[in-house]
Amino acid sequence: MTTSSHFIQLAQDLVRQCQQAHQQGIEALARACQASRGLDAERLDQHQLLSYDMAWTSAELLAAETALAHVATMPDSLDAELARVFAVEVITAVLPRLDMLCLELSLDTASLQRLQASTAWADLRRAAGSEAALARTGQRLQATQAELGEVHLDASIRLVQETFQRFGQEVVAPMAEHIHREDLTIPETLLQPLREMGVFGLSVPEAYGGSGTGGEDDNLIMVAVTEALSQASLGAAGSLITRPEILCRALLAGGTEAQKAHWLPRLAQGQPLCAIAMTEPDHGSDVASLTLRADRVEGGWRLNGAKTWCTFAGKAGVLMVVARTDPDRSLGHKGLSLLLVEKPSTEDHAFRFQQTEGGVLSGRSIPTLGYRGMHSYDLSFENWWVPDSHVIGEASGLGKGFYFNMTGMVGGRMQTAARACGVMRAALLDAQRYTQDRQVFGQPLTHYPLTQAKLARMAARYVGCRLLTYQTARTLETGGSLASSLVKLLACRSAELVTREALQLHGGMGYAEETPVSRYFVDARVLSIFEGAEEILALKVIARGLLEQALRSTLASGGGQAAGAAISASQREPA
């Protein structure tokens with residue numbers, strides 16, 4: 001009799017074979033894009049489709065590998081069954097990409113063809129991806145109350161998680177629909193209890209008034225709290241931690257001791273709330289081309305220009321603004337600095353503030369189809385004065401804003417994956433409940449094999465993303481920056497897919513605003529856009545990072561010295 005352990009091992013072996021073929025493709029593309037000084041940007045752009053598919057393949061295979069390793073010691077569990085379903089889904093998706101990668105780069109496809117024709121692949125699909133298998137998994141899912149994607153957490157972290165889950169379901173969830181449908185700003189009746197619970201101090205070390213201890217537990221708590229609040233509402237609670245996460249990491253990376261001592265205790269208390277002003281009307285993810293000017297004047301700087309998609313800018317009392325402090329545009333990202341801009345807090349959808357020094361800051365909220373409660377703003381700066389003391393790092397921080405900002409974004413991306421997991425969890429649970437209650441042709445909707453297969457695939461995707469998110473949290477401080485981009489890429493698209501299927505299972509009721517699943521669907525759509533749009537994340541962060549790693553490996557084995565030396569030098573720049 002074939003055991004569950006056998007199929008876990010089978011799936012692991014097939015994923016490993018895909019990874020080996022993928023690595024060969026990465027190395028071949030790296031060689032195709034190699035120049036004397038590392039990677040050639042023009043050649044990279046010629047291979048954008050291959051690079052994009054490469055990033056997705058890396059993310060999916062890493063998630064499948066992580067999920068299968070996690071369940072290896074409990075092969076008969078529901079999580080193990082879902083991990084096998086996820087592995088089949090992943091391998092099915094990546095094989096055509098790998099085939100095209102080999103075709104484009106003139107690589108031998110014999111090993112891939114053997115894999116596709118193998119008995120092992122047929123056996124795994126039959127065991128975990130067939131109609132009967134998916135129906136069986138869907139039935140088991142509906143019959144259990146067990147937590148999906150269960151991870152081991154210390155008792156103290158589990159207590160924090162349960163506290164915020166309870167707060168989310170008892171306090172946030174009942175207010176979420178009203179905030180969404182009336183397009184309200186998150187009220188103080190939610191913000192103040194969250195301040196008292198310490199939610200804004202999760203990224204702040206204990207020495208500065210927060211709860212951070214400097215270990216992996218900090219990131220695990222961040223993920224657990226974020227997922228719990230996002231399950232209740234992405235716009236009304238789940239995204240509140242992202243901005244302080246980014247700003248606190250930037251301050252810790254580049255702030256002076258005086259700046260840390262002044263700002264971090266206040267941020268930990270949520271007084272003031274903060275926002276990140278990076279995107280500009282003509283420059284989204286192309287940070288190196290940002291144009292908002294900071295012109296030096298006596299004792300400080302004058303800001304002139306525009307920002308857009310600045311989330312929570314109205315309610316925030318301080319904005320972290322990425323500005324060009326060096327007028328030489330040829331410097332690109334090396335001419336950027338981070339400035340802390342203080343402003344009055346308001347819940348208004350439009351505002352205009354004038355300084356005694358004559359500067360004006362105006363803002364207007366952007367109407368959006370979802371993600372309400374936080375509100376994103378267009379901002380205009382007209383001679384807005386910022387003192388020298390509010391440049392992160394002061395004089396030594398000039399020109400380093402890009403690196404400080406990117407340091408913050410690493411944690412922000414991991415945390416965004418946790419937001420996606422929370423939204424997926426909410427949608428999946430709603431779909432499970434609704435399909436059990438809804439009668440169609442004389443039977444509960446969950447009775448039908450197609451419903452069972454849909455639920456199984458939704459749950460499998462959620463489990464794959466959740467396990468990778470928590471694993472990334474554990475390793476973030478020891479080299480998990482690329483993993484944070486990979487899990488962000490995968491989890492955010494997955495949230496769209498899971499919420500779409502959950503809405504579809506609700507039928508017409510899913511399209512009604514009174515049904516929470518409609519809010520999950522429109523909220524999930526923003527996840528693949530912010531904290532790094534998926535195209536930029538895939539091309540400029542993930543694919544480029546993978547190709548640079550491949551060239552460094554070439555150097556380590558004795559080849560490509562000039563390219564390797566250039567890349568090694570680039571890695572020494574502050575990040």
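All residue numbers in this chain count up from 1 along the given sequence.
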Does [X] pair with [Y] as a salt bridge, N-O distance under 4.0 Å?
X: Glu534; Y: Arg493; answer: yes
X: Lys315; Y: Glu188; answer: yes
X: Asp328; Y: Lys334; answer: no
X: Arg302; Y: Asp295; answer: no
X: Asp326; Y: Lys400; answer: no

Can a side-chain donor-acceptor contact be found between [Y] and [X] if the only test is distance below 3.5 angstrom?
X: Trp384; Y: Asn304; value: no
X: Thr213; Y: Asp218; value: yes
X: Tyr371; Y: Thr311; value: no
X: Arg195; Y: Gln192; value: yes

Please determine whether ring-ring contact (aromatic ring centres under 6.0 Å, His included) holds for the pair Trp385 and His390, giving the CA-CA distance in whole Å, both sets of side-chain angles, and the decisive distance to 0.1 Å.
CA-CA 10 Å; Trp385 185 73; His390 284 41; 8.3 Å; no
Inter-residue atom distance [X].[atom1] - [Y].[atom2], 0.5 Å rounding:
X: Asp53; Y: Leu29; atom1: CG; atom2: CG; result: 11.0 Å
X: Ile221; Y: Thr226; atom1: CD1; atom2: OG1; result: 11.0 Å
X: Asp523; Y: Glu496; atom1: CG; atom2: CD; result: 12.0 Å
X: Cys33; Y: Glu548; atom1: SG; atom2: CD; result: 11.5 Å
X: Arg413; Y: Leu482; atom1: CZ; atom2: CG; result: 10.0 Å
X: Met424; Y: Thr469; atom1: CE; atom2: OG1; result: 7.0 Å

Polar side-chain atom of [X] near backbone of [Y] as donor-acceptor pair, under 3.5 Å:
X: Lys260; Y: Cys248; answer: no
X: Ser337; Y: Gly399; answer: yes
X: Ser239; Y: Gly235; answer: no
X: His349; Y: Gly314; answer: no
X: Thr185; Y: Glu347; answer: yes
X: Arg552; Y: Leu547; answer: no
X: Thr515; Y: Ser518; answer: no
X: Arg249; Y: Gly408; answer: no
X: Arg43; Y: Leu39; answer: no

Can you check whether [X] reaches [Y] side chain to side chain, under 4.5 Å on heavy atoms?
X: Arg243; Y: Met320; answer: no
X: Leu191; Y: Leu273; answer: yes
X: Val172; Y: Leu190; answer: yes
X: Met409; Y: Val541; answer: no
X: Trp263; Y: Leu247; answer: no
X: Arg466; Y: Glu227; answer: yes
X: Val322; Y: Leu338; answer: yes
X: Val498; Y: Tyr520; answer: no

In terms of relative ring orientation, are Phe402 and His333 parallel, tilted or perpendicular, with 30° and 60° separating the classes?
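Rings of Phe402 and His333: tilted, as their planes differ by 30° to 60°.
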From CA spacing to verdict: side-chain hydrogen bond (donor to acceptor under 3.5 Å, both in side chains), Trp309, Asp378
CA-CA 6 Å; Trp309 296 110; Asp378 288 323; 6.0 Å; no
For the residue pair [X] and [Y], what are the closest heavy atoms and their distance?
X: Thr291; Y: Glu280; result: N-OE1, 2.8 Å
X: Thr308; Y: Pro281; result: CG2-N, 3.8 Å
X: Leu267; Y: Pro272; result: CD2-O, 3.8 Å
X: Leu240; Y: Pro244; result: O-CD, 3.2 Å
X: Asn219; Y: Ala473; result: CB-O, 3.4 Å
X: Ala294; Y: Leu339; result: CB-CD2, 4.3 Å

Check against side-chain contact (heavy atoms from CB on, under 4.5 Å), Gln259 and His262:
CA-CA 5 Å; Gln259 288 173 334; His262 174 76; 5.8 Å; no
Check step by step if side-chain contact (heavy atoms from CB on, under 4.5 Å) holds for Leu252 and Leu264.
CA-CA 9 Å; Leu252 289 167; Leu264 291 175; 3.7 Å; yes
More than 12 non-hydrogen atoms from neighbouring residues, nucleotides or ligands closer than 6.0 Å to [atom1] on [X], yes or no?
X: Lys540; atom1: NZ; result: no
X: Arg352; atom1: CZ; result: no
X: Glu257; atom1: CD; result: yes
X: Phe353; atom1: CZ; result: yes

Decide yes or no on side-chain contact (heavy atoms from CB on, under 4.5 Å) for Gln355 and Asn383, but give the supporting numbers first.
CA-CA 10 Å; Gln355 293 177 306; Asn383 287 317; over 6 Å; no
Chi angles and distances behind the side-chain hydrogen bond (donor to acceptor under 3.5 Å, both in side chains) call for Arg419, Thr416
CA-CA 5 Å; Arg419 287 189 274 179; Thr416 299; 2.7 Å; yes
Under the side-chain contact (heavy atoms from CB on, under 4.5 Å) rule, what do Arg372 and Arg519 come out as? Steps first, then yes or no, please.
CA-CA 10 Å; Arg372 298 168 189 166; Arg519 170 166 47 84; over 6 Å; no
